[in-house]
Amino acid sequence: MTTPPAARPHATHQVLNQVPPLAGYDVADDPALLAAAAREGADWDDSRLHELGRLAGAAGTQEHARLANEHPPVLRSHDSRGNRIDEVEFHPSWHVLLGTAVRHGLHAAPWADARPGAHVARAAAFYVWSQAEAGHGCPVSMTYAVIPALRHAPELARQFEPLLTAAAYDPGLRPPAGKAGLLAGMAMTEKQGGSDVRAGTTRAEPVPGDAGGAHLITGHKWFCSAPMSDLFLVLAQAPDGLSCFLLPRVLPGGSRNAMRLQRLKDKLGNRSNASAEAEFDGALAWPVGPAGRGVPTIIEMVSATRLDCVLGSAAGMRRGVVAAAYYSAHRQAFGKDLIAWPLMGSVLADLSLESEAATTLAIRLAGAADRAARGDAAEAALLRVALPAAKHWVCKRAPLHAAEALECLGGNGYVEESGMPRLYRDSPLNSIWEGSGNVTALDLLRALRRQPAAAEALTAELALAAGADRRLDAAARQLGASLAGLADLGAERRSGGSGGSSPRADIVGPDAEYAARRLAGQITLVLQAALLVRHAPAAVADSFVASRLGRPAAPGGPGVPFGTLPDGIPVGEILDRARLVPR
Ligand SMILES: Cc1cc2nc3c(=O)[nH]c(=O)nc-3n(C[C@H](O)[C@H](O)[C@H](O)COP(=O)(O)OP(=O)(O)OC[C@H]3O[C@@H](n4cnc5c(N)ncnc54)[C@H](O)[C@@H]3O)c2cc1C
């Protein structure tokens with residue numbers, strides 16, 4: 001007897017050669033990450049990292065990530081009776097993701113943890129959990145980054161730091177002092193410009209007779225992410241110049257501060273997160289740092305978020321190459337697994353090298369941040385030069401990497417269900433915020449110009465790999481020459497040579513600015529190569545050096561497009577590090 005057509009799953013065909021979903025794996029099963037975290041002093045956190053890794057790779061978490069992005073936040077400007085409330089409503093899955101991050105201390109917790117390596121442990125966990133969903137990382141990063149800036153106002157830090165570092169997720173707009181845990185945001189960017197924050201028009205007027213230094217803030221901010229946060233650092237023009245203020249969303253008595261949310265941005269990616277246009281209409285705020293020194297104060301917050309940009313981009317690359325390698329190992333074309341075809345091997349190995357270099361550098365920078373936070377001046381100097389370079393280069397590589405990883409899944413990679421379109425849409429953001437590509441590259445010049453110790457720290461770091469690989473030695477010498485040229489140029493201009501009469505005589509000049517992206521790329525690549533040569537398996541280090549430093553640059557730069565590796569690369573060995581066995 002024949003089966004009636006309705007009872008058959010597909011009347012016309014069997015589903016063949018489709019890849020089972022990549023779920024139920026440990027995201028922390030990542031050799032480059034684990035080795036780097038151990039080197040930088042966070043191996044004591046391994047078991048927690050794996051616990052979070054298994055949660056990040058769980059099917060249920062992937063579903064929360066999908067829901068949080070497919071149901072983006074909604075602005076509720078008024079209540080049913082017409083009162084202004086300025087609240088943002090999120091899908092419950094957002095709260096699950098953010099709550100997990102906070103309970104695992106991915107926000108400000110390391111600032112209250114005296115253990116050496118606490119910032120590294122947090123960085124590794126942030127990298128792992130970001131692979132579950134990137135959007136909710138925004139309030140997590142901002143809360144992490146607010147502490148060093150807030151410490152410029154010791155009384156405010158005394159009041160709020162314990163709540164910012166608490167591993168308690170307590171959403172909702174209530175007076176901060178009565179909550180179990182707090183989140184923080186930052187509002188700098190205005191309509192007329194975000195890079196040039198000194199052009200801000202938002203005003204701060206002292207409240208007459210207020211002993212605590214309260215000011216009334218009036219003006220607008222064009223981008224203000226995570227607007228349901230409890231506290232914001234805000235830049236405003238005070239009588240003594242551009243200054244930094246702490247602005248709570250709810251005032252101590254329970255009334256809402258005068259911060260109005262005008263709209264939410266309709267964004268390319270980062271859709272689970274809310275980014276608002278905000279207006280302050282005489283909102284109360286308290287000074288953080290000296291009057292007129294708003295930029296140097298808030299830059300401490302910006303710098304810490306830049307580390308998270310590098311970590312976030314490295315995490316996206318790892319997510320992309322793992323998905324691509326997994327898919328290629330489970331799908332066949334022309335009678336073989338995709339991964340077994342030589343050209344696919346070249347593409348995947350190239351993606352894996354890029355990812356491993358990004359991870360290794362990101363965790364090295366987290367180690368520098370950890371030691372800098374404990375008073376290590378040399379590590380602080382290294383961070384000052386390596387962080388803007390890496391923020392520029394690694395974040396710029398992420399969208400190219402995501403596009404190539406996506407294509408490894410063929411047409412399926414272009415379809416939402418694969419998760420790859422979200423990875424791709426999210427990928428350019430880390431390069432835009434906290435100083436867009438050009439601005440970060442220019443900040444690198446500023447670091448080299450103002451802090452001779454920064455270049456010295458970089459040279460010392462590279463010297464640790466000297467003699468291990470002649471191609472790396474040659475690249476390090478070339479970089480040394482670029483840095484020396486820059487120093488000469490700066491000295492010439494300061495001593496009144498070409499351009500010396502200009503009011504910006506301390507700036508190294510238009511030629512150096514023009515080349516700033518090249519320098520950022522050069523520093524990052526040499527640093528990545530030096531770290532891999534010292535710490536990665538020979539197959540990885542040698543292939544990275546051969547493809548990125550050891551041959552004349554391919555058109556468009558090293559490794560662009562991916563899949564143009566030189567001959568003789570041990571593809572299988574490299575790919576083993578990106579291949580996962582789902583558990
Ligand atoms: C999703 C999202 C969330 C955000 N959240 C926040 C937030 O919470 N708080 C906040 O304060 N801001 C936030 N921003 C704003 C972000 O920080 C700014 O967009 C960014 O700093 C750039 O400023 P801008 O958009 O005004 O661009 P502009 O300053 O107009 O710059 C435009 C371009 O010019 C380049 N450029 C600028 N100056 C120079 C120069 N001298 N030489 C060469 N090139 C130059 C820049 O690199 C950029 O590519 C967010 C942005 C996005 C997209």
Side-chain angles (χ1 to χ4, degrees), residues 21-30 33 37 42 45-73 88-113 118-146 163-172 179-185 225-226 228-230 270-274 305 308 311-312 314-316 318-319 322 366 419 422-423 426 583:
L22 172 57
Y25 71 104
D26 178 359
V27 172
D29 192 0
D30 176 337
L33 171 71
D45 201 39
D46 264 10
S47 64
R48 189 189 68 133
L49 195 61
H50 283 294
E51 180 208 318
L52 196 61
R54 285 188 290 276
L55 199 53
T61 302
Q62 293 177 358
E63 184 62 1
H64 284 308
R66 183 185 73 77
L67 288 167
N69 281 274
E70 288 190 5
H71 301 278
V88 179
E89 191 175 271
F90 290 87
H91 190 274
S93 287
W94 163 269
H95 293 292
V96 172
L97 294 165
L98 187 50
T100 305
V102 172
R103 277 191 298 279
H104 281 80
L106 308 194
H107 63 316
W111 298 107
D113 189 341
H119 291 273
V120 179
R122 180 260 166 200
F126 179 80
Y127 164 99
V128 162
W129 187 242
S130 296
Q131 292 180 56
E133 203 278 327
H136 75 286
C138 171
V140 172
S141 286
M142 290 198 290
T143 305
Y144 173 64
V146 79
L163 295 172
L164 288 162
T165 55
Y169 179 54
D170 190 359
K179 294 184 79 176
L182 302 176
L183 293 174
S225 291
M228 286 300 283
S229 298
D230 303 286
N270 190 250
R271 294 188 67 81
S272 64
N273 182 34
T305 49
D308 277 12
L311 287 162
R318 175 69 185 173
R319 171 83 187 92
V322 164
R422 194 173 82 230
L423 183 75
D426 285 346
R583 300 186 183 138

Taking only residues two or more places apart in sequence or in another chain, which ones pass salt bridge (charged side-chain N to carboxylate O under 4.0 Å, His left out) with [X]?
{"X": "Glu89", "value": "Arg76"}
{"X": "Asp46", "value": "none"}
{"X": "Arg66", "value": "Glu63, Glu70"}
{"X": "Arg319", "value": "none"}

Who are the side chain to side chain contact (heavy atoms under 4.5 Å, CB included) partners of [X], not counting sequence neighbours?
{"X": "Pro72", "value": "Arg271"}
{"X": "Asp426", "value": "Ala134, Asn270, Arg422"}
{"X": "Val88", "value": "Pro73, Leu75, Phe90, Pro227, Met228, Leu261, Leu264, Ala274"}

Using modelled atom types and a 3.5 Å cut-off, is there a donor and acceptor pairing between side-chain atoms of [X] and backbone atoms of [Y]?
{"X": "Thr165", "Y": "Ala108", "answer": "no"}
{"X": "Arg103", "Y": "Ala167", "answer": "no"}
{"X": "Glu133", "Y": "Asn69", "answer": "no"}
{"X": "Ser130", "Y": "Phe126", "answer": "yes"}

(message) Measuring only between side-chain heavy atoms, which start at C-beta, is Leu183 closer than 4.5 Å to Leu98?
(response) yes

List for me each residue that meets side-chain hydrogen bond (donor to acceptor under 3.5 Å, both in side chains) alongside [X], sequence neighbours excluded, and say none if there are none.
{"X": "His95", "answer": "Tyr169"}
{"X": "Trp129", "answer": "His136"}
{"X": "His107", "answer": "none"}
{"X": "Asp30", "answer": "Tyr127, Arg318"}

(message) Suppose we screen for ring-ring contact (aromatic ring centres under 6.0 Å, His included). Which residues come up paired with His104, at least two apart in sequence or across chains?
(response) none

